[in-house]
Amino acid sequence: MARPTQAIVDLEALRHNCRLARDLGGDGQLMAVVKANAYGHGAVAAAQALEPLVSAFAVACIEEAEELRNAGLTRPILLMEGIFEAEELEIAAQRDFWVMLQNHRQVESLESASLPRPLTCWLKLDSGMHRLGFSLAESTALLERLRASDKVADEIVLATHLARADELDNSFTPQQITAFRQHTQALGAPCSMANSPGLLGWPESRDAWNRAGVMLYGQSPFPASHPEADKLKPVMTLQSEVIALRDVPVGDTVGYGGAWTAERASRIATIPVGYGDGYPRNAGNGTPVLVAGRRAALVGRVSMDMITVDVTDLPPISIGEPVELFGQAITANEVASHAGSIGYEIMTRMLPRVPRRYLGQ
Ligand SMILES: *Cc1c(COP(=O)(O)O)cnc(C)c1O
C-alpha cells in the first residue's frame, strides 16, 4: 500500500464557497484568485472546477498564468503584480492575460511595447497598504495617460488592496475605502477593492470586481465566528494513518531533542507526515490531531517525515487507524494558531510529495 498521507480536495466544497463569494458580490464580477497553486490545492484542478462560476482568474506571475492556459482554461487571467520584464507584454497580449500596472517602469514598458493588440490593464492604487501601486493623488493623471495610449484596451479597472480587512473592529479599512472612493469616484472607471475579508465582512468594499482567494478554499479570514464566513466549507483535508504505536514510561522523552517528556505512562502514535510534506515544523506540543475521530495532542518535534501524537486518553488505537491533520474537524486556522502561522500558509505550503485526491471532479 502507498503512503497513506494525502490531501483530499473537495471540488464541490470549492464550488459552494465560490457561489457564496459570487452572491456576496451582488452585481460585481468575481475573480478567483488561484495564485500559489491555488493556495496549495492544485491550480489547474481548482481553476477547472471554478471556471464556469467566475468571470476571470488572478495569479501572481506569468508562469502561473501560462500553466492555466496550457491546461486549456479560457477565462482572462490577471497578473496581480503586473509584469516583471517587458517581454511578458507580448505573451500577455497573445494569451489574454490582463496586467496590473503598479509602478512607472511597467507603464513605460507598456507604452513603448509593440503589441499585436491592446492589453486589458488594471491600475493599482495604494490606499494605505504601502506595498504596491501609485499614490491616490496620481490616479487622475495616470488614468488619462493610459486612456490615451493605443496599447491599453478600453476599460481600465482601478484596484486597491485592503491591509487589515480581517480585523473587523479596526477603522483602517473604512479609511482605505473612503480615501480610495474620494479619489476614484469622479473618474468613471470600474473599481476593485475586496479580497475575501472585504467580500465577507465589509459590504462597502464590494464593487465592479471582487477578488476572492482564501474564502474559496473554505478558510475564514477572521479569527472569530462570523455569520458569512461560517457558511464556508473547508476544501482541503490532510489525512493519514497511524503507522506505529508504543508505550513510553514516565520520564522518557519522545523525538528529536527530547522536546517532550512523558509525565505519565503514555501511549504514543506515529503518523507519517512531517515538514517534508509541508506540515509546519514549529507546530508545538498540544497541536490538535484527529486520531480515529477523536482529538489528540501532537507531542515532541515535528520531523521531516513523521509526527508523534499522545493517544493515552483515547480508546485503544491500532495501526492503520485514520488520522486527520486538518480539514473537517480541525481547521487549518487552528493548526496555524499552534504554529505561529495563518491558515493561508498552512494550506499553501503543502508540498508536491503529498498526493492530491480530487472529489467532485
Ligand atoms: C492574494 C490576493 C487576493 C486574495 O486575497 P484573500 O485574502 O486570499 O481573498 C486579492 N487581491 C490581491 C491583490 C492579492 O494579492
Side-chain angles (χ1 to χ4, degrees), residues 7-34 36 38-41 46 49-50 53-54 58 161-174 176-177 193-207 210-239 280 283 286-290 293-295 324-350 358-360:
I8 309 298
V9 177
D10 181 353
L11 297 173
E12 196 40 54
L14 182 70
R15 288 186 284 259
H16 163 90
N17 299 331
C18 186
R19 285 188 284 267
L20 177 66
R22 220 175 45 176
D23 292 348
L24 288 169
D27 293 338
Q29 304 204 68
L30 186 65
M31 180 170 264
V33 180
V34 293
Y39 294 45
H41 293 68
L50 293 171
L53 301 174
V54 302
H161 197 45
L162 303 173
R164 306 184 66 169
D166 54 326
E167 301 168 54
L168 289 169
D169 53 0
N170 192 291
S171 63
F172 196 73
T173 299
Q176 278 194 277
I177 296 172
M193 275 190 271
N195 51 4
S196 297
L199 257 176
L200 288 161
W202 299 93
E204 322 87 282
S205 73
R206 301 171 190 154
D207 215 309
N210 300 301
R211 312 182 306 269
V214 80
M215 69 176 292
L216 298 177
Y217 310 103
Q219 290 305 304
S220 172
F222 306 123
S225 169
H226 179 275
E228 294 301 336
D230 292 349
K231 296 177 189 165
L232 297 170
K233 294 184 180 167
V235 174
M236 183 191 290
T237 304
L238 180 64
Q239 65 180 38
T287 305
V289 176
L290 203 73
R294 287 168 194 260
R295 279 176 174 253
E324 177 189 310
L325 287 313
F326 63 81
Q328 307 304 313
I330 297 167
T331 65
N333 281 334
E334 192 177 354
V335 172
S337 73
H338 288 265
S341 184
I342 54 174
Y344 289 74
E345 190 197 12
I346 299 298
M347 299 183 299
T348 305
R349 59 187 284 149
M350 279 306 124
Y358 293 96
L359 306 180

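In what follows, residues are counted from 1 in the order of the sequence shown.
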**OP:** Kindly say whether Pro174 contributes a backbone atom to a donor-acceptor pair with the side chain of Glu204 at under 3.5 angstrom?
**Re:** no
**OP:** Determine, step by step, whether Leu325 and Val289 satisfy the side chain to side chain contact (heavy atoms under 4.5 Å, CB included) criterion, reporting the C-alpha distance in whole Å, the side-chain angles of both residues, the deciding distance to 0.1 Å, and the verdict.
**Re:** CA-CA 5 Å; Leu325 287 313; Val289 176; 4.0 Å; yes
Subject >> Atom of Ala49, atom of Leu14 and distance for their closest heavy-atom approach >> reply: CB-CD2, 4.1 Å
**OP:** Might you work through the side chain to side chain contact (heavy atoms under 4.5 Å, CB included) test for Ile346 and Tyr39, ending with a clear yes or no?
**Re:** CA-CA 9 Å; Ile346 299 298; Tyr39 294 45; over 6 Å; no
Original post:
Which atom names give the shortest non-hydrogen contact between Asn170 and Trp202, and what distance separates them?
Top reply: O-CH2, 3.6 Å
Original post:
Sequence neighbours excluded, which residues qualify as salt bridge (Lys or Arg N to Asp or Glu O under 4.0 Å) partners of Glu12?
Top reply: Arg15, Arg19
Original post:
Which heavy-atom pair separates Asp230 from Ser225 by the least distance, and what is that distance?
Top reply: OD2-OG, 2.5 Å
Original post:
What's the verdict on side chain to side chain contact (heavy atoms under 4.5 Å, CB included) for Val335 and Ile330, showing C-alpha distance, side-chain angles and the deciding distance?
Top reply: CA-CA 7 Å; Val335 172; Ile330 297 167; 3.8 Å; yes
Original post:
With sequence neighbours excluded, what pairs up with His16 under the side-chain hydrogen bond (donor to acceptor under 3.5 Å, both in side chains) test?
Top reply: none
Subject >> side chain to side chain contact (heavy atoms under 4.5 Å, CB included) between Glu167 and Phe172, intermediate numbers included >> reply: CA-CA 9 Å; Glu167 301 168 54; Phe172 196 73; over 6 Å; no
Subject >> Side-chain donor/acceptor of Arg206 to backbone N/O of Gly25, under 3.5 Å >> reply: no
Original post:
Where do Met347 and Ala332 come nearest, in terms of heavy atoms and distance?
Top reply: CG-CB, 4.1 Å
